[in-house]
Number of protein chains: 2
Amino acid sequence: MQKQQYLSKNQKIVLEHVEKANQPLKAYSILYNVQKKGLKAPLQVYRALDKLVEIGKIHKIESRNAFVACKNANCVVSNATAFSICESCEKVTEINNSKLSKYLGNFEDSSGMKYSKYNLEFFGLCKKCKNK
Amino acid sequence: MQKQQYLSKNQKIVLEHVEKANQPLKAYSILYNVQKKGLKAPLQVYRALDKLVEIGKIHKIESRNAFVACKNANCVVSNATAFSICESCEKVTEINNSKLSKYLGNFEDSSGMKYSKYNLEFFGLCKKCKNK
DNA sequence: TTGTATATTGTTATAATATAACGTTATGTA
DNA sequence: TACATAACGTTATATTATAACAATATACAA
Ligand SMILES: [Zn+2]
Ligand SMILES: [Zn+2]
Ligand SMILES: [Zn+2]
Ligand SMILES: [Zn+2]
């Protein structure tokens, strides 16, 4: 069996829902909202999320245990992700900065370990919240 | 009341245990192991961890929900952390690289948001696991 | 030293996040 | 067809983390 070409039914349902949101969603909030479409159990959501994360359609915001759709055409796989997170309103934005990704993609430290993946999360206050 | 100068009893117990480990520990594993010292409930561990993370004595490895002691004298507060994580043996090392921290500390993206904190996690195979 | 504010503790219960284990059904390919 | 892999459905359970409440300890200023 070859690499999957199309998304399965559950994967499509979950991806569509997360894409509509424009912000990170929690797994159980996704579950609650796709129940009308037939997904009844957490595992159905988590499995779909796992696959979507694997292929880069969705990223997990680790510090928030939340999932957000990728809007960056370059993210074929989730191997280089960076986000800015507002600690006040929780707005999350995927950073798409070629200098940063180049820098981190080539980063090597003294251990000699070569990295195949990274995830970076910046925290601060977004423009809106800074001016409050 | 001023900034706390000394660690409290529970904070000391948890920190000592995590420092001995030399690797990230899960909160409930910490709990289990400090029960002989009188900490009985998850909250006692989580509260101590919260404080220790806040003051930079301990860092949380977000992708693993695990806690590791800081060995980097510069980490007075946990506002700039970077780790390498082996996806095979789960060995975690805190990266202490001044170029990297300088680069990320000064990073600004197009949104104009200035960051007060970041956490970076690199994934790959450590030397040992690469040669298996 | 007394009052006050804050930090920490102890405790029980519960919320939120995620996976194990099982059997079934669908899909791609030889 | 036969085979392997992927996805599905379902129930139960594991893991991670917090709510809520009452008590005690600590720092500091008046
Ligand atoms: Zn992306
Ligand atoms: Zn904000
Ligand atoms: Zn550190
Ligand atoms: Zn390793």
Side-chain angles (χ1 to χ4, degrees), chain A residues 1-18 21 24-68 77-78 90 92 121, chain B residues 1-18 21 24-68 77-78 87 90 92 119 121:
Chain A
M1 207 171 185
Q2 286 264 357
K3 203 190 285 183
Q4 190 188 12
Q5 290 197 331
Y6 303 104
L7 296 179
S8 73
K9 189 191 99 206
N10 289 359
Q11 290 160 13
K12 269 185 218 158
I13 291 171
V14 168
L15 178 57
E16 274 167 23
H17 181 70
V18 176
L25 297 180
K26 304 290 205 135
Y28 276 74
S29 135
I30 297 170
L31 173 59
Y32 179 80
N33 283 285
V34 297
Q35 279 182 334
K36 64 196 74 139
K37 305 223 170 168
L39 282 83
K40 290 173 188 162
L43 251 196
Q44 296 177 289
V45 170
Y46 278 107
R47 281 171 178 158
L49 286 173
D50 281 352
K51 174 58 77 170
L52 292 163
V53 166
E54 188 191 324
I55 63 178
K57 293 286 190 185
I58 281 183
H59 303 307
K60 181 172 187 184
I61 311 299
E62 292 287 358
S63 66
R64 299 298 187 260
N65 296 319
F67 300 86
V68 70
V77 290
S78 290
E90 294 294 322
V92 170
E121 298 181 3
Chain B
M1 205 174 186
Q2 287 265 357
K3 205 190 282 184
Q4 190 189 13
Q5 291 197 331
Y6 304 104
L7 297 178
S8 73
K9 191 192 97 205
N10 289 359
Q11 290 160 11
K12 269 186 217 157
I13 292 171
V14 168
L15 179 57
E16 275 168 23
H17 182 70
V18 176
L25 298 180
K26 304 289 203 135
Y28 275 74
S29 136
I30 297 170
L31 173 58
Y32 179 80
N33 283 287
V34 296
Q35 279 183 333
K36 63 196 74 136
K37 306 224 169 164
L39 283 83
K40 289 174 188 160
L43 250 196
Q44 296 177 291
V45 170
Y46 278 108
R47 281 170 178 160
L49 286 172
D50 281 352
K51 175 58 75 171
L52 292 163
V53 166
E54 188 190 324
I55 64 179
K57 294 285 190 185
I58 281 183
H59 303 307
K60 182 172 186 185
I61 311 299
E62 293 286 358
S63 66
R64 299 298 188 261
N65 296 318
F67 300 86
V68 71
V77 289
S78 289
E87 292 188 294
E90 293 294 324
V92 170
N119 178 56
E121 298 182 2

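Below, read A as the first sequence line, B as the second, and so on, with proteins coming before strands; counting in each chain starts at 1.
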Least distance between heavy atoms, B/Ala66 atom then B/Lys26 atom: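 Smallest interatomic distance, heavy atoms only, reads CB-CD, 4.2 Å.
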If every non-hydrogen atom of A/Ser63 is compared with every non-hydrogen atom of A/Glu121, which pair is closest and at what distance?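 Scanning both residues, the minimum pair turns out to be OG-OE1, 2.7 Å.
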Rounding to a whole Å, what distance do you find between [X]:[atom1] and [N]:[atom2]?
X: B/Leu39; N: C/dT12; atom1: CG; atom2: P; result: 14 Å
X: B/Leu43; N: D/dA23; atom1: CG; atom2: C1'; result: 15 Å
X: B/Phe67; N: D/dT15; atom1: CZ; atom2: P; result: 16 Å
X: B/Lys37; N: C/dT9; atom1: NZ; atom2: C1'; result: 18 Å
X: B/Leu7; N: D/dT26; atom1: CG; atom2: C1'; result: 15 Å
X: A/Lys51; N: C/dT27; atom1: NZ; atom2: P; result: 15 Å
X: B/Asp50; N: C/dA7; atom1: CG; atom2: C1'; result: 13 Å
X: B/Tyr6; N: D/dT26; atom1: OH; atom2: P; result: 13 Å

Picking from [options], which would you name as closest to the side chain of [X]?
X: A/Arg47; options: C/dA18, C/dC22, D/dA7; result: C/dC22
X: A/Asn10; options: D/dT16, C/dA18, D/dG9; result: D/dG9
X: B/Gln44; options: C/dT12, C/dG10, D/dT10; result: C/dG10
X: B/Lys40; options: D/dC8, C/dT11, D/dA17; result: C/dT11
X: A/Lys9; options: D/dT11, C/dT17, D/dC8; result: D/dC8
X: A/Tyr46; options: D/dA17, C/dA18, D/dC8; result: C/dA18
X: B/Lys26; options: D/dT16, D/dT11, C/dT8; result: D/dT16

Checking side-chain contact (heavy atoms from CB on, under 4.5 Å) for the pair A/Asn65/A/Lys60: CA distance, chi angles, key distance, verdict? CA-CA 7 Å; A/Asn65 296 319; A/Lys60 181 172 187 184; 4.1 Å; yes
Applying ring-ring contact (aromatic ring centres under 6.0 Å, His included), which residue pairs with at least one partner in residues 27-68 of chain B are found, sequence neighbours left out?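 Qualifying pairs, neighbours excluded: B/His59-B/Phe83.
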Quick check: any donor-acceptor pair below 3.5 Å linking the side-chain of B/Tyr28 to the base of D/dA17?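 By the distance-only test, yes, there is a pair.
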Give the dot-bracket line for DNA chain D from 5' end to 3' end: parentheses for intra-strand Watson-Crick or G-U pairs under 3.5 Å, square brackets for crossings, | for inter-strand pairing, dots for unpaired. ||||||||||||||||||||||||||||||
Let's go through B/Leu7 and B/Ile55 carefully: what are the C-alpha distance in whole Å and the side-chain angles of both, what is the deciding distance for side-chain contact (heavy atoms from CB on, under 4.5 Å) to 0.1 Å, and is it a yes or a no? CA-CA 10 Å; B/Leu7 297 178; B/Ile55 64 179; 3.7 Å; yes
Quick one: does any side-chain atom of B/Glu16 pair with a main-chain N or O of B/Ile13 as donor and acceptor, under 3.5 Å?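 Between the backbone of B/Ile13 and the side chain of B/Glu16 there is no qualifying donor-acceptor contact (under 3.5 Å).
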Would a distance-only check, ignoring hydrogens and angles, find a side-chain to backbone donor-acceptor pair under 3.5 Å from B/Lys37 to B/Asn10?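 The answer is no, because no donor-acceptor pair under 3.5 Å joins these two groups.
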Partner set under side-chain hydrogen bond (donor to acceptor under 3.5 Å, both in side chains) for A/Ser29, not counting sequence neighbours: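 Here no residue qualifies.
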Short side-chain N/O contact to C/dT9 OP1/OP2 from B/Ser8, under 4.0 Å: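 Yes, because at least one side-chain N or O of B/Ser8 sits under 4.0 Å from OP1 or OP2 of C/dT9.
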Hey, is the side chain of B/Asn65 poking within less than 4.0 Å of OP1 or OP2 on C/dT17, counting only N and O atoms?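 Answer is no, no contact under 4.0 Å.
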